[in-house]
Amino acid sequence: MHIDENELPKAYDAREKEAKWYEYWLRNGYFTPKIDKTKKPFVLIQPPPNITGNLHLGHALTSTLEDIMVRYHRMCGEPTLWLPGTDHAGIAAQVVVERELAKEGLTRQKIGRDAFMERMWSWVANCRANISNQHTRLGVSYDTTRLAFTLDEGPSLAVRTTFKNLYDKGLIYRGERITNWCPRCATALSDLEVDHEDEKGHLWYIRYPLADKPGEYVTVATTRPETILGDTAVAVNPADDRYKDLVGQMLILPLVGRKIPLIADEMVGIDFGTGAVKTTPAHDPNDFEVGHRHNLPIINIFDNHACINENGGKYKGLDRDEARKVILKDLEDQGYLVKVEDHVHAVGHCQRCRTTIEPQASSQWFVKIESLAKPAIEAVKTGEITIVPERFTKVYLNWMENIKDWCISRQLWWGHRIPVWNCHACGHMTCAVETPTECEACHSADIHQDDDVLDTWFSSGLWTHSTLGWPNKTEDLDYFYPTSVMETAYDILFFWVARMIMMGIANTGKVPFHHVYLHGLIRDEKGEKMSKTKGNVIDPLVVVDEFGADALRFSLILGITPGNDSKLGRNKIEAGRNFANKLYNAVRFVLRYANEDTPTVIDNAKLKLEDKWILSRLNSVAKEMNQMLTDFQFGEAIRTIHDFIWGELCDWYIEMAKVRLNHDDQSPMPVLLTVIERSLRMLHPFMPFITEELWQTIKTAGGFATDKSSIMISEYPQFDEAFHFEKEEAQMSTLTEIVRTLRNTRSEYEVDINKTIDAYVYCDELANVLSPYTATILTLAKATVRFEEKRTDDVPKQSIVEVLPNAEIIIPMASLFDLEAQLAKLNKELDEAVKEQARLESHLNDETFRSRAPQQVIEKEQARLDAALEKQTKLREHIKNLAA
RNA sequence: GGGCGGUUAGCUCAGUUGGUUAGAGCACCUGCUUUACACGCAGGGGGUCAUAGGUUCGAGUCCUAUACCGCCCACCA
């Protein structure tokens with residue numbers, strides 16, 4: 001069937017086509033792998049986006065990288081599973097919905113747990129639909145039939161089972177610890193969920209009177225004067241001579257009046273402040289440990305929202321900032337405040353709501369992590385898991401080797417409830433996978449489930465196997481686990497990747513994946529992190545609407561390297577669109593000559609020079625593409641195929657093909673169709689929509705025969721020795737050099753646009769090969785060329801002479817150029833050739849070089865020397881000729 | 001306080017075992033409404049590869065310092 005290219009618009013418009021093809025792929029079930037036990041599958045579990053809002057460019061990058069890998073491996077014939085899902089995102093999602101409530105003047109406490117959960121679920125439904133739609137628009141080829149959510153029954157069962165297993169092994173425990181407390185979220189956080197930032201603060205010096213020596217005192221320095229209410233000691237370093245004699249004495253706590261001891265502990269630095277530290281075990285991690293060592297009372301002075309509680313006496317009810325002001329004023333009024341200094345120190349903030357963290361003693365659940373970390377460290381050390389880029393291996397190992405117990409309980413409502421039931425009768429804790437009806441110790445029915453939920457990363461940590469059915473023995477788990485690649489951003493290496501490795505090994509005895517590919521963050525054109533508050537966020541869908549998904553994908557991938565941040569602006573996206581348009585128009589050209597009568601099968605005997613050249617180049621590119629896609633070099637891969645299509649196929653092959661088509665020559669169509677079809681296949685993983693569209697169009701026009709119904713299930717092109725034509729590649733490069741030189745000469749001498757120039761080309765045995773191309777050269781460079789093997793005559797006077805590696809070009813057109821300029825140019829070239837000769841000679845005469853450099857390098861250098869000498873001879877002759 | 005990354009053309013970045021004359025996109029200059037494409041074609045200018053040493057026959061690439069920028073980790077009140 002002939003498709004008239006004139007009926008197609010001149011510019012490619014992605015809009016209506018993308019949705020159509022996505023629907024087609026989905027309908028045909030290409031995204032769902034068929035389990036084939038004779039083949040090793042390629043498996044990639046999608047990092048589940050948080051259900052906190054729209055997807056941003058970071059998600060678009062992740063999706064694109066994953067889609068590239070998945071489409072590539074699928075085209076290589078591997079049963080390929082890309083399993084999608086979303087994450088309930090615990091605290092992050094709860095904060096978002098709480099903000100929505102706040103707009104209505106509500107809080108979760110006001111509406112109650114049940115109503116709040118209802119709000120959460122309706123938010124989730126909206127959000128998940130939205131995320132799915134966004135993914136669809138980006139072209140992700142993930143298996144929609146396996147779409148998972150962390151709160152689904154399967155993953156939830158995995159969570160409870162894991163908890164119980166670890167609990168039974170004694171690897172989960174409940175304990176009173178200092179934890180990072182967010183007073184806004186009213187929950188404990190893990191260390192990772194706290195962002196430290198330097199802040200300008202003050203160091204207040206406060207005197208604590210000695211109980212038994214009126215008028216004498218010890219001065220402490222503190223950044224947190226309000227915590228004085230919870231002080232239960234003052235500590236000094238045992239080696240500090242200033243305080244040696246005072247250790248053991250009692251001090252009177254200002255404002256409070258409580259008697260507290262002066263103790264000695266190694267923790268205290270002698271150099272800082274006064275060398276005496278007020279010790280508040282309930283509100284400082286160090287002090288907590290000191291308190292433990294010295295059996296100090298732990299006095300918690302804050303309620304869940306960091307307001308002073310009943311332990312704060314008359315200050316009760318003040319929040320921590322007000323309390324600080326009032327207490328400082330009281331200290332000053334009563335003469336306890338000695339001085340104030342400016343002081344910069346790191347302050348922790350809640351990762352999700354930015355509220356200043358309050359270190360606070362509370363009872364929480366922890367994972368005893370050391371024994372879980374050990375095999376996870378081994379797996380990376382032995383190379384069973386590799387991390388790309390490699391430098392993150394060190395970061396990973398360093399963190400894992402210094403890992404601390406993981407606080408997993410959150411005082412939130414949104415998440416997996418901790419599967420532990422407390423008995424009101426005997427106090428025993430019953431841990432169970434399924435809801436028990438009675439206490440396992442005393443069989444009382446008066447039991448109540450722990451109110452806390454688990455850290456959202458606890459369920460994420462199981463994601464590689466919980467989505468495949470674990471703890472049940474499923475076919476999926478059996479066939480697809482361990483997975484192949486974990487692709488994600490480097491900023492969640494600890495949060496997620498490390499936890500998956502630990503939990504994966506703990507639950508299944510196998511590593512969860514073999515390769516970790518870490519991508520960088522996307523920044524705006526100025527290199528700043530995109531954020532809603534800065535207003536520099538680019539919405540992927542807005543880009544897709546304007547430029548198409550393929551253009552966006554191109555711009556996201558081009559030039560990126562693993563683990564490095566990249567910048568994205570309009571320019572780059574336009575480059576992507578331009579490339580799509582270029583490809584589209586190349587196909588429009590092809591369609592002009594393609595119909596069911598077009599020959600499409602290549603006859604090797606009839607291949608011309610440029611045919612062999614483009615086939616050979618295509619072949620090399622296929623080799624490179626496979627290598628780079630295997631090595632995770634996506635940025636380089638897309639540039640390679642881009643450069644091939646634009647710079648070789650379009651700029652040279654198609655231009656030469658036009659001449660053939662106009663001259664009733666051997667048809668270029670079989671080769672052209674073959675090359676373009678394979679190019680589309682090579683590009684498909686990167687730009688799936690346009691490649692499918694064009695592939696189907698050419699197929700419909702009878703451009704090639706295939707039993708495949710879609711490009712996405714056709715084979716990824718591989719290197720084929722039969723199409724490797726080294727000699728023709730070299731010959732073609734001489735031809736293109738000749739054309740370039742002629743064009744260059746025209747431009748340089750400002751030859752009239754309508755004037756055809758004459759040229760003689762002397763190129764030994766190549767003359768026979770290239771002389772059929774005079775018509776081509778006439779079209780491409782507007783020059784009439786005569787090819788000869790050897791020059792027999794002298795060079796005609798006043799000619800432009802160009803010396804190429806394998807050819808000598810003489811353009812007798814004295815009337816069209818400036819004689820002086822030409823002479824100067826030749827002299828300059830001669831100069832360079834002489835310098836080159838000198839450099840090479842000294843190099844080649846160097847004994848050390850001769851003895852140590854590999855033979856082929858020496859030969860190469862020698863060849864270059866010969867070339868330089870020959871060039872000189874020719875140039876001298878031409879100069880002489882011209883000057884005559 | 002440790003650790004890591006970056007510093008290459010005006011801008012954004014490639015450059016994977018050290019080996020021709022360091023590349024691309026965008027921007028810039030010149031000329032082209034050539035029936036695939038002006039989202040284009042042809043030609044061109046532009047880089048002492050941050051600095052200083054070192055290793056090597058040979059360094060953008062390896063080593064050692066230094067400077068600036070950025071990131072991560074860390075309990076010093």
Side-chain angles (χ1 to χ4, degrees), chain A residues 5-6 8 10-12 178 191 196 203 220-224 227 235 267-269 271-280 284-289 343 345-346 359 389-392 394-395 398-399 402 490-491 493-494 520-521 525 527 547 551 555 558-561 563-572 574-592 628 631 633 635-636 639 642-643 647 650-651 654-655 658 740 743-748 750 753 779-782 832 836 843-844 846-854 856-858 860-861 863-864:
Chain A
E5 96 281 2
N6 286 314
L8 299 172
K10 285 190 170 190
Y12 178 67
I178 284 272
D191 295 340
H196 293 275
L203 200 53
V220 302
T222 181
T223 56
R224 300 283 319 266
T227 61
M267 176 273 291
V268 182
D271 298 334
F272 190 89
T274 61
V277 186
K278 65 191 264 318
T279 305
T280 323
D284 182 279
N286 283 319
D287 294 0
F288 184 81
E289 284 178 31
H343 182 67
H345 61 137
E390 210 234 329
R391 65 173 187 274
F392 281 100
K394 244 172 107 174
V395 179
N398 181 56
W399 188 74
N402 297 294
Y490 65 75
D491 61 348
L493 180 62
F494 305 144
L521 310 176
E525 278 166 299
F547 296 98
S555 68
L558 185 72
I560 64 163
T561 39
N564 288 332
D565 294 352
S566 55
K567 291 172 200 168
L568 187 72
R570 201 182 167 85
N571 280 347
K572 227 174 160 187
E574 282 175 357
R577 177 206 54 190
N578 293 354
F579 179 48
N581 189 239
K582 182 75 181 177
L583 188 61
Y584 166 78
N585 274 293
V587 169
R588 228 159 55 87
F589 171 79
V590 166
L591 289 176
R592 190 172 189 160
M628 290 189 285
D631 293 347
Q633 295 184 65
E636 279 295 279
R639 186 167 55 206
H642 166 271
D643 288 355
C650 291
D651 287 350
I654 289 183
E655 290 308 315
K658 284 180 187 170
R740 263 194 261 265
R743 283 170 171 171
N744 176 306
T745 304
R746 291 190 63 102
S747 169
E748 203 173 329
E750 294 177 357
I753 187 107
T779 306
L780 298 184
K782 213 159 171 64
E832 277 164 14
E836 170 99 341
H843 204 184
L844 283 161
D846 186 331
E847 273 313 307
T848 339
F849 173 71
R850 293 207 84 93
S851 58
R852 300 211 189 169
Q856 53 172 353
V857 172
I858 296 175
K860 245 184 185 173
E861 295 282 280
R864 289 175 60 201

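Quick note on labels: first sequence line is chain A, next is B, and so on, each numbered from 1.
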Please name the nucleotide paired to rA14(B) by Watson-Crick or G-U wobble geometry with both distances under 3.5 Å, or report none.
none
Watson-Crick or G-U wobble partner for rU35(B), using a 3.5 Å limit on both distances?
none
N571(A) (side chain) and rC26(B) (base): donor-acceptor pair under 3.5 Å
no
Could you check how far CG of D651(A) sits from C1' of rA38(B), rounded to whole Å?
15 Å
Classify G635(A) by what it touches in the nucleic acid, base, sugar-phosphate, or nothing, heavy-atom distance under 4.0 Å.
nothing
Rounding to the closest angstrom, what is the interatomic distance between rU21(B) and rG5(B) at atom P?
29 Å
Could you work out which one of rU12(B), rA38(B), rC26(B) sits closest to the side chain of K567(A)?
rU12(B)
Euclidean distance for P, rU56(B) against rU51(B) (whole angstrom)
23 Å
Give R639(A) one of three labels, base, sugar-phosphate or nothing, depending on what nucleic acid heavy atoms sit under 4.0 Å from its own.
base
Does a side-chain N or O of K394(A) approach OP1 or OP2 of rG3(B) to a distance below 4.0 Å, or not?
no
Taking atom P in both rA50(B) and rG2(B), compute the distance separating them and give it to the nearest angstrom.
26 Å
Classify the angle between the aromatic ring planes of H343(A) and F272(A) as parallel (below 30°), tilted (30 to 60°) or perpendicular (above 60°).
perpendicular
Applying a 3.5 Å limit to both distances, which nucleotide forms a Watson-Crick or G-U wobble pair with rA74(B)?
none
Using a heavy-atom cut-off of under 4.0 Å over every strand shown, decide if R743(A) touches base, sugar-phosphate, or nothing.
sugar-phosphate
Which nucleotide, in any strand shown, forms a Watson-Crick or G-U wobble pair with rU21(B), with both distances under 3.5 Å?
none
Measuring from R588(A):CZ to L8(A):CG, what's the distance to the nearest 0.5 Å?
6.5 Å
For V268(A), answer base if it contacts any base atom (sugar-phosphate contacts may also be present), sugar-phosphate if it contacts only those atoms, and nothing otherwise; contact means non-hydrogen atoms under 4.0 Å.
base
Could you tell me which nucleotide pairs with rA67(B) by Watson-Crick or G-U wobble geometry, both distances under 3.5 Å, or answer none if nothing does?
rU7(B)
Closer than 4.0 Å, any side-chain N/O of K658(A) to the OP1 or OP2 of rA36(B)?
yes
Minimum-distance nucleotide to N578(A) side chain [options: rA77(B), rC26(B), rG31(B)]
rC26(B)
Indicate, yes or no, whether a donor-acceptor pair under 3.5 Å links the base of rA36(B) to the side chain of E655(A).
yes
Base, sugar-phosphate, or nothing: which does D565(A) touch, judged by heavy atoms less than 4.0 Å apart?
nothing
Can you tell me the distance, in whole Å, between the OH atom of Y490(A) and the P atom of rC4(B)?
16 Å
Reckon F494(A) touches a base, only the sugar-phosphate, or nothing at all at heavy-atom distances under 4.0 Å?
sugar-phosphate
Separation of rG43(B) atom P from R740(A) atom CZ, nearest Å, is 7 Å
Side-chain atoms of R577(A) come closest, of rA36(B), rC39(B), rA14(B), to rC39(B)
Any K10(A) side-chain nitrogen or oxygen under 4.0 Å from OP1 or OP2 of rC37(B):
yes
For atom P, what is the distance between rC49(B) and rG10(B), given to the nearest Å?
13 Å
Taking any heavy-atom pair under 4.0 Å as a contact, classify R746(A): base, sugar-phosphate, or nothing.
nothing
Side-chain N or O of S747(A) less than 4.0 angstrom from OP1 or OP2 on rG44(B)?
no
Answer yes or no: is there an ion pair linking R850(A) with E847(A), defined by an N-O contact shorter than 4.0 Å?
no
For T280(A), which contact category applies under a 4.0 Å heavy-atom criterion: base, sugar-phosphate, or nothing?
nothing
Counting any heavy atom closer than 4.0 Å, what does V277(A) reach on the DNA or RNA strands: base, sugar-phosphate only, or nothing?
base
Can you measure from CG (L558(A)) to CD (E636(A)) and round to the nearest 0.5 angstrom?
9.0 Å
Hey, is the main chain of K10(A) close enough, under 3.5 Å, to the side chain of N585(A) for a donor-acceptor pair?
yes
Look at all strands and tell whether H196(A) reaches a base, only sugar-phosphate, or nothing, counting heavy atoms closer than 4.0 Å.
nothing
Look up atom OG1 in T279(A) and atom CE in M267(A), then write down how far apart they are to the nearest 0.5 Å.
5.5 Å
Could you let me know what rG47(B) is paired to, Watson-Crick or G-U wobble, both distances under 3.5 Å, or none if it's on its own?
none
Just name whichever nucleotide pairs with rG60(B), Watson-Crick or G-U, keeping both distances under 3.5 Å, else none.
none
Quick one: label A586(A) by what it contacts on the DNA or RNA (base, sugar-phosphate, nothing), any heavy atom closer than 4.0 Å.
base
T222(A) side chain: which of rA36(B), rG25(B), rA77(B) is closest?
rA77(B)
Expressed in whole Å, how much space separates the C1' atoms belonging to rC63(B) and rA74(B)?
29 Å
Does a nitrogen or oxygen in the side chain of K582(A) sit under 4.0 Å from OP1 or OP2 of rC41(B)?
yes
How far does the C1' atom of rC57(B) sit from the matching atom of rG18(B), given to the nearest Å?
12 Å
Does a side-chain N or O of N744(A) approach OP1 or OP2 of rG44(B) to a distance below 4.0 Å, or not?
yes
In whole Å, what separates the C1' atom of rU34(B) from that of rA38(B)?
13 Å
What's the closest nucleotide to the side chain of R592(A) if the choices are rC39(B), rA36(B), rA77(B)?
rA36(B)
Measuring only the P atom in each nucleotide, how far is rC73(B) from rU17(B)? A whole number of Å is fine.
33 Å
